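Comments concern the structure below.
As a basis for the values below, the full set of heavy atoms in this structure was taken, side chains included, without hydrogen atoms, waters or symmetry mates. Convention: sequence-line order gives letters A, B, ...; per-chain numbering from 1. It should be emphasised that the depicted structure is a prediction, and the values quoted were computed from it without experimental measurement.
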There are 2 protein chains.
Amino acid sequence: MNEPFLSRTANFCDACTVRNRAICGDLDNEEIVALNAIGQRRHLSAGENLLWEGDDAVVVANVVEGMLKLSTSTADGKEQILGLAFPADFIGRPFGHSTPYSVEALTDVLVCVFRRADFDKFAREHPRLEHKLLERTLSELDRTRKWMLLLGRMTAEQRVATFLLDLSVRFPVEEEVGTQPGAFALRLSRGQIADVLGLTIETVSREFTKLKKAGVVSLPNRREVAIEDREALEDLAS
Amino acid sequence: MNEPFLSRTANFCDACTVRNRAICGDLDNEEIVALNAIGQRRHLSAGENLLWEGDDAVVVANVVEGMLKLSTSTADGKEQILGLAFPADFIGRPFGHSTPYSVEALTDVLVCVFRRADFDKFAREHPRLEHKLLERTLSELDRTRKWMLLLGRMTAEQRVATFLLDLSVRFPVEEEVGTQPGAFALRLSRGQIADVLGLTIETVSREFTKLKKAGVVSLPNRREVAIEDREALEDLAS
DNA sequence: CGACTTATTGATGCCCATCAAATCTCGTGG
DNA sequence: CCACGAGATTTGATGGGCATCAATAAGTCG
């Protein structure tokens with residue numbers, strides 16, 4: 001009798017690893033159930049697209065696992081990555097009619113997807129959720145502006161250094177499998193890194209070897225990096 | 001008796017030129033009066049700062065008149081402009097502790113200022129205002145991301161062309177005083193334009209003369225531009 | 001082990017920053 | 001009214017950083 005009957009409802013939010021950090025963090029049980037009703041989980045394989053720039057904005061989503069990139073293109077086809085999305089980040093454009101950027105999974109990804117119309121309605125009816133979304137959007141704006149500094153003013157060396165420091169923070173060492181301690185997984189190809197930093201593959205590669213020769217980092221293998229001299233790297237990031 | 005007594009309250013919102021477009025647009029009369037009570041108008045002269053990067057976020061503001069720039073700097077002192085603020089835009093960082101960018105008036109400016117703590121409290125109590133703020137923040141994020149494309153991938157020529165087209169849209173011809181018809185006021189020095197576009201003064205100047213020689217624009221004087229061949233300019237903006 | 005993808009390394013050239021100097025604009029005071 | 005000077009803008013010369021083109025090397029998967 002005392003057992004809360006709601007828990008019987010199949011509810012993937014209960015076990016959600018980003019529940020507290022994502023925009024649903026402030027909702028109570030009843031609200032979560034309602035949100036659950038309009039959302040669904042979806043797996044994406046690395047390389048798959050969730051949204052295409054310019055399409056009607058039909059869905060929004062919360063990232064549960066994995067890493068995605070947001071990108072846009074110039075008229076003449078050059079790609080520019082606008083940012084990366086990590087677990088607990090929110091993706092898509094609520095209250096708008098078209099999606100301003102493409103979203104592609106860089107790794108295998110688990111997202112929690114909502115039809116935009118459903119989400120918009122739900123948000124307007126739940127100010128606490130809207131508030132969370134506002135806070136998240138504001139910090140996303142802050143992060144985006146920091147990125148502008150990188151694209152507008154930093155040299156290739158500074159960009160790569162900044163990027164490595166960022167990643168090392170966002171991916172605390174988990175996967176020390178037989179490799180160097182302190183190493184972390186890059187999870188991005190050189191080409192993807194180049195896109196993120198607004199550089200070319202070749203330049204990224206050259207900067208990596210420069211850093212290696214200087215003893216600042218070591219590269220146990222292609223998809224891993226170990227920061228050997230964090231202070232030096234921070235200096236380079238300027 | 002039928003005369004609404006509220007109107008007796010001195011209320012500068014009533015005559016506000018951006019009232020409908022700014023975040024206060026959806027508030028009813030009573031709410032406006034309450035908002036009025038915590039805000040105050042303030043004039044800034046061109047060159048004056050409203051916020052400094054890194055300072056405690058003490059105020060937020062609505063732009064009523066004029067044009068401001070948001071900027072940040074690298075550790076080694078190079079400035080990067082993050083964007084421009086026009087009438088009806090919202091400035092500052094609610095729900096945060098420090099201001100992530102500096103705000104400086106480029107022209108004489110009229111703003112409607114709130115202490116951040118007051119504003120935060122008011123916003124949380126008025127979901128309609130929060131919703132407006134959310135929408136505005138989302139479109140600001142869209143605009144900022146477009147700007148990243150400019151900084152990350154466009155050539156100097158494309159940047160200048162894009163900039164001129166943008167300005168011509170944002171400043172519909174008002175001030176045709178004895179100069180060329182269709183001309184509009186630049187209001188920014190070459191140096192300011194250079195900062196905005198992530199270029200140097202010299203490059204901006206060279207691009208301007210190139211455009212002039214190509215007959216795409218004419219420059220009646222230093223602070224004015226007339227677009228002679230919009231189509232060509234749009235092609236250049238790519 | 002071979003075919004294919006991804007990364008590294010090398011050579012060259014272009015765009016734009018930097019340094020330098022000439023010219024323009026405009027306010028100020030003689 | 002004009003001369004003067006400080007700041008802004010334009011124009012010129014040079015160089016560096018990064019893209020581009022090209023070739024080699026290193027993984028990866030059948």
Working for side-chain hydrogen bond (donor to acceptor under 3.5 Å, both in side chains), residues B/R230 and B/S168: CA-CA 10 Å; B/R230 177 169 291 266; B/S168 76; 3.1 Å; yes
I'd like to check [X] versus [Y] (side-chain heavy atoms, cut-off strictly below 4.5 Å). Are they in contact?
| X | Y | answer |
| --- | --- | --- |
| B/R145 | A/Y101 | yes |
| B/S238 | B/E157 | no |
| B/L134 | A/T137 | yes |
| A/M148 | B/T144 | yes |
| A/V63 | A/L68 | yes |
| A/W147 | A/L197 | yes |
| A/T155 | A/R159 | no |

Distance in angstrom units between [X] [atom1] and [N] [atom2], rounded:
| X | N | atom1 | atom2 | value |
| --- | --- | --- | --- | --- |
| A/K212 | C/dT9 | NZ | C1' | 12 Å |
| B/L211 | D/dT10 | CG | P | 12 Å |
| A/L219 | D/dG27 | CG | P | 11 Å |
| B/R222 | C/dC26 | CZ | C1' | 9 Å |
| A/D195 | C/dA7 | CG | P | 12 Å |
| B/Q192 | D/dT9 | CD | P | 9 Å |
| A/R223 | D/dG27 | CZ | P | 14 Å |
| A/Q80 | D/dA19 | CD | P | 12 Å |

Before we go on, tell me: are the rings of B/F119 and B/F90 under 6.0 Å apart, centre to centre?
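Yes - the distance between ring centres of B/F119 and B/F90 falls below the 6.0 Å cut-off.
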Next item on the list: Could you tell me whether the side chain of A/R190 has a donor or acceptor atom within less than 3.5 Å of a complementary atom in the base of C/dT8?
Entry: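 Side chain to base: no pair below 3.5 Å.
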Indicate, with a heavy-atom threshold strictly under 4.0 Å, whether A/S189 touches base, sugar-phosphate, or nothing.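 If one applies the 4.0 Å heavy-atom cut-off, A/S189 turns out to touch the sugar-phosphate alone, with no base involved.
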So if I take residues 201-209 of chain A and measure heavy-atom distances to DNA chain D, which residues fall below 4.0 Å?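 Those residues whose heavy atoms fall under 4.0 Å from DNA chain D, taken from residues 201-209 of chain A in numerical order, are A/E202, A/T203, A/R206.
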Can you list, by residue number, the residues of residues 145-164 of chain A that have a non-hydrogen atom closer than 4.0 angstrom to DNA chain D?
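Of all residues in residues 145-164 of chain A, the ones placing a heavy atom under 4.0 Å from DNA chain D are A/T155, A/A156.
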